[in-house]
Protein chains: 4
Amino acid sequence: MTDRPRPLRADAARNRARVLQVAYETFAAEGAAVPIDEIARRAGVGAGTVYRHFPTKESLFQAIVADRLHQVVERARALAAADPGEGLYAFLFLLAEQGATDLGLTEAFAGTGFDLTEALPEAEREFMGTVAEILAQAQQAGTVRPDVDAADIKTLMVGLQAMHRFRGDSEHMRRVYPLIRAALAVQKAEG
Amino acid sequence: MTDRPRPLRADAARNRARVLQVAYETFAAEGAAVPIDEIARRAGVGAGTVYRHFPTKESLFQAIVADRLHQVVERARALAAADPGEGLYAFLFLLAEQGATDLGLTEAFAGTGFDLTEALPEAEREFMGTVAEILAQAQQAGTVRPDVDAADIKTLMVGLQAMHRFRGDSEHMRRVYPLIRAALAVQKAEG
Amino acid sequence: MTDRPRPLRADAARNRARVLQVAYETFAAEGAAVPIDEIARRAGVGAGTVYRHFPTKESLFQAIVADRLHQVVERARALAAADPGEGLYAFLFLLAEQGATDLGLTEAFAGTGFDLTEALPEAEREFMGTVAEILAQAQQAGTVRPDVDAADIKTLMVGLQAMHRFRGDSEHMRRVYPLIRAALAVQKAEG
Amino acid sequence: MTDRPRPLRADAARNRARVLQVAYETFAAEGAAVPIDEIARRAGVGAGTVYRHFPTKESLFQAIVADRLHQVVERARALAAADPGEGLYAFLFLLAEQGATDLGLTEAFAGTGFDLTEALPEAEREFMGTVAEILAQAQQAGTVRPDVDAADIKTLMVGLQAMHRFRGDSEHMRRVYPLIRAALAVQKAEG
DNA sequence: CATGAATGAGGTTTCATTCAT
DNA sequence: CATGAATGAAACCTCATTCAT
């Protein structure tokens with residue numbers, strides 16, 4: 001009768017948030033192979049509680065990714081609003097760093113065992129739309145070459161996340177960022 | 001290299017090679033989650049035979065990576081010998097493509113659940129030495145900026161593999177290669 | 001009958017009746033394996049409410065069976081009153097049909113995972129008493145052989161329910177009924 | 001290459017037989033709800049061993065039913081060969097008794113949570129063919145009325161099994177058998 | 001009293017690894 | 001040496017029942 005999800009009871013909401021938080025941390029740290037039982041244990045709830053909120057492991061994963069993605073997109077908008085020319089770079093490097101400590105997000109982006117486009121088409125569209133927006137701004141500002149598109153940016157993002165994950169050391173990544181800037185900069189000469 | 005105390009009997013050697021080949025293909029195609037039994041079945045041997053040659057699944061994985069790495073390094077040398085200026089680029093893009101169809105190699109490089117440096121220090125050294133070599137040649141030839149080092153190249157390689165894996169479509173990757181060339185090219189202007 | 005110490009409050013009584021009705025339909029349609037949560041959902045109440053009225057799943061089952069049995073017995077009396085000679089046959093075939101759409105009742109009769117005599121001795125006695133009555137009437141009317149007793153009739157009833165359940169098709173059962181009549185008819189010859 | 005199931009190794013065959021035997025007894029005694037772990041424990045093997053021989057619980061169940069059915073059919077033939085007129089009755093009552101101590105077989109026949117026709121069409125065909133055969137013989141011998149067919153017999157069989165299961169007491173069933181004979185006998189009068 | 005969230009034991013199934021044949 | 005059967009520890013998920021809200 002009242003099919004629309006009523007606001008959760010206070011305690012349930014608390015548990016749901018706690019599970020989400022713990023799951024995020026656990027997946028981020030140890031990858032998607034962590035047992036649900038382990039997440040339940042760390043969250044201090046029974047396994048059944050996890051399954052009440054997220055009927056499958058996959059759905060828990062999705063919820064986390066959707067959550068993260070949304071946050072990331074909001075940050076991207078803020079960065080681009082603050083400095084249209086630098087916005088795209090800031091976004092790229094921010095996301096790369098996120099990926100470094102967030103295996104789940106990385107896997108979602110890279111499509112390793114999780115197809116973002118299929119699982120969360122809404123989130124994917126929102127994400128790509130935002131990328132297109134701040135890319136256009138940067139191109140108008142003259143800081144990014146006009147012949148790259150949003151898909152190229154996503155590809156680079158996947159690459160950057162992998163690099164960041166590979167180099168836990170963010171010291172080293174600061175050496176790499178200028179290379180990426182060079183790759184995207186408006187320029188005449190080519191290697 | 002020095003871990004086979006006695007030359008294997010002919011049939012044992014044949015089995016070992018066959019398992020290695022099949023395991024490579026299977027891991028590459030279906031990821032590291034494939035059961036050992038499945039590999040044994042495809043290789044036409046018993047599971048016990050796999051374990052005789054490779055005491056753990058991990059060790060089989062290592063052997064595969066070592067094997068691939070060795071082949072890749074040899075190809076890198078050949079490419080660099082043929083054209084010192086282009087050698088590094090050719091190597092980079094070759095490896096990226098390899099990674100696209102070879103989950104095992106990608107994971108080994110990216111250190112996802114497998115630490116190349118720890119597991120196969122010998123192979124890692126050989127690989128890094130070769131990278132350093134052909135990088136130096138390219139820098140002398142003036143096709144690569146002088147302020148990048150071998151570690152940077154490895155980082156880019158990891159990124160490129162991730163991109164390639166993400167974009168099964170190699171059409172798209174041809175759009176990305178010029179960006180990477182731009183990143184590494186000797187240049188004045190920046191961002 | 002005598003186990004409700006105080007009359008229930010109106011809303012509680014309504015809930016109880018509703019749960020009973022829904023549980024009957026659900027068990028009948030999908031078997032005893034249906035989760036209590038599902039029944040609660042269909043009844044539009046919380047699981048806790050079900051447990052308030054029926055302390056275990058088993059007890060809910062018992063209540064349903066008692067309910068059905070009571071109805072069936074009343075119908076049996078009516079049939080026998082209308083036509084003493086045919087009453088028993090009508091009752092038999094009625095119950096068989098009931099069983100076809102009512103897994104719970106069938107199981108209760110057949111004693112599959114549920115012992116009617118132990119769980120509901122009262123209801124069992126009432127049922128058997130009624131069977132004895134209408135059997136006696138039929139025997140006096142000369143339509144049923146004198147050497148069968150109420151226990152035999154119950155046995156046949158269990159068999160008929162099983163047959164009916166097996167043949168969802170009631171077309172087919174109409175072929176079988178004459179056989180059962182032949183089995184019970186007063187007769188001279190025997191196979 | 002050699003896809004045809006090679007003869008099992010001696011120890012494997014022993015285990016398989018043992019699991020089958022134990023599973024048969026356990027299902028017969030306690031129904032299909034018994035956990036596989038319990039069967040494994042009783043058979044003195046690991047759960048994995050059960051799953052090696054029977055990849056799902058369902059398949060174990062099928063194997064048992066197929067086994068029983070085959071034995072039953074062979075016995076039916078023997079009985080009919082010994083006495084064509086009595087063969088069908090002997091078969092009916094034999095199967096009824098089997099069903100009394102064999103919940104699995106009963107359920108398979110009655111189609112309760114197991115569709116014989118779908119799961120084991122071969123076995124079903126063999127069974128029905130045999131029923132048709134010995135029914136025809138009995139009808140020719142004049143001991144069974146000519147207007148019943150094999151499907152009717154199967155229906156009665158299901159009913160008889162249910163009755164037998166209901167009356168653990170075979171004493172009582174001896175009262176019921178004459179009724180069934182009367183039902184099937186060639187006769188003039190009817191109810 | 002009603003709700004529905006939480007519990008946690010238990011079910012089926014998989015798979016790396018060992019070991020009898 | 002090769003085989004492949006056996007092991008048994010998890011993994012995911014369900015559901016009867018309890019209890020905080």
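Chain A is the first sequence line, chain B the second, and so forth, proteins listed ahead of strands; every chain is numbered from 1. Because only heavy atoms are used, hydrogens play no part in the values below, and waters and symmetry mates are left out as well, while side chains stay in.
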Residues at least two apart in sequence or cross-chain that pass side-chain contact (heavy atoms from CB on, under 4.5 Å) with Asp67(A), listed by chain then number, are Gln71(A)
Those residues at least two apart in sequence (or on a different chain) that pass side-chain contact (heavy atoms from CB on, under 4.5 Å) with Asp37(A) are Ala47(A)
* To do: Mark yes or no for whether Lys57(A), through its side chain, and Val34(A), through its backbone, hold a donor-acceptor pair below 3.5 Å.
  => yes
Round to a whole Å and report the spacing from [atom1] of [X] to [atom2] of [N].
X        : N       : atom1 : atom2 : answer
Arg16(D) : dG4(F)  : CZ    : C1'   : 16 Å
Arg41(D) : dG10(E) : CZ    : P     : 13 Å
Phe27(C) : dA16(F) : CZ    : C1'   : 12 Å
Arg14(B) : dA2(F)  : CZ    : P     : 11 Å
Arg18(B) : dA2(F)  : CZ    : P     : 14 Å

For nucleotides 11-17 of chain E, 5' to 3', base contacts (B), sugar-phosphate-only contacts (S) and non-contacts (-) with protein non-hydrogen atoms under 4.0 Å give SBBBSSB
Using OP1 and OP2 only, check whether a side-chain N or O of [X] sits under 4.0 Å from [N].
X        : N      : answer
His53(B) : dC1(F) : no
Arg52(A) : dG4(E) : no
Thr49(D) : dA5(F) : no

Between Asp11(A) and Asn15(C), whichever has its closest DNA chain E nucleotide further toward 5' is Asn15(C)
What distance do [X] atom [atom1] and [Y] atom [atom2] have between them, rounded to the nearest 0.5 Å?
X        : Y        : atom1 : atom2 : answer
Gln62(C) : Phe54(C) : CD    : CZ    : 11.0 Å
His53(B) : Asn15(B) : NE2   : CG    : 5.0 Å
Phe27(C) : Ile39(C) : CZ    : CD1   : 3.5 Å

Across all chains, not counting sequence neighbours, the side chain to side chain donor-acceptor pair (under 3.5 Å) partners of Arg41(C) are Glu38(C)
Stems field, DNA chain E, Watson-Crick or wobble, 3.5 Å, at least 3 pairs, by first number, holds E:2-21 with F:2-21
- Message: Assess the residue pair Arg18(C) and Val45(C) against the criterion (side-chain contact (heavy atoms from CB on, under 4.5 Å)); give the C-alpha distance rounded to whole Å, side-chain angles, the decisive distance to 0.1 Å, and a yes or no.
- Response: CA-CA 9 Å; Arg18(C) 179 144 182 67; Val45(C) 302; 5.7 Å; no
Across all chains, not counting sequence neighbours, the salt bridge (Lys or Arg N to Asp or Glu O under 4.0 Å) partners of Glu25(D) are none
